[in-house]
Amino acid sequence: MTRALPVLLALAVGMPASAQELAPAMNRLVQAWQKGDVGALSELAAASGISLSLEGQRVGPLQPRQANSALRRLFEQRETISAKAGMAKEVGGDPRRAFVELAWVTRPRGTTIPHETTVFFALEREGNAWRITEIRLIQ
């Protein structure tokens, strides 16, 4: 992750103001996902909860405790090899909405076969912060 941070910061400098505003949220998401830190992800949850689409099951919106349980199971089943920031875009609206994608390379625990998944985060602006409204795994 330390190699990706300068790249993310360099990209943020050349971004429009709305995208620059997303850069800190994107960095927090990538770091939390890389570590499998469900607590940090929970801190970024929207007040209305998080909808999850994990491994073919779509549920939500869930309150933090329920979302944490589902995410914890996901991270327990997989070993993270890498998580790299992808596209981030504000799409407007009221409240303001945005999305962030990251490339997540994992392997099932006990195996050596890597698997790449795109993780899609839908965000909504609450006050001065971007909050997660949805997490979707795209195979």
For I138, I'd like to know if atom CD1 has over 12 heavy atoms of other residues, nucleotides or ligands within 6.0 Å.
yes

Between CG on residue L123 and OG1 on residue T133, distance to nearest 0.5 Å
6.5 Å

Salt bridge or not for R96 and E90, using N-O below 4.0 Å?
yes

Partner of F121 under side-chain contact (heavy atoms from CB on, under 4.5 Å), chosen from L44, L102, V30
L102

Between atom OG of S51 and atom CZ of R136, what is the distance when rounded to the nearest 0.5 Å?
9.5 Å

Is it true that V119 and V59 fall in one hydrophobic cluster, defined by side-chain heavy atoms closer than 4.5 Å?
yes

ILVMFWY network linking L137 to L52, side-chain heavy atoms under 4.5 angstrom
yes

Got a sec: does the CZ of R65 have more than 12 other heavy atoms crowding it under 6.0 Å?
no

Take E101 and K84 through the salt bridge (charged side-chain N to carboxylate O under 4.0 Å, His left out) test and state the conclusion after the steps.
CA-CA 9 Å; E101 293 180 356; K84 296 180 183 172; over 6 Å; no

With no hydrogens and no angle check, do the side chains of T80 and W104 hold a donor and an acceptor under 3.5 Å apart?
yes

Transitively linked via ILVMFWY side-chain contacts under 4.5 Å: W33 with V105?
no

Less than 4.0 Å between a side-chain N and a carboxylate O, is that true for E21 and R125?
yes

CE of M87 to CZ of F99, rounded to nearest 0.5 Å, is 4.5 Å

Looking at T111 and P108, would you say the former's side chain and the latter's main chain have a donor-acceptor pair under 3.5 Å?
yes

Applying side-chain hydrogen bond (donor to acceptor under 3.5 Å, both in side chains) to S82 and not counting sequence neighbours gives none

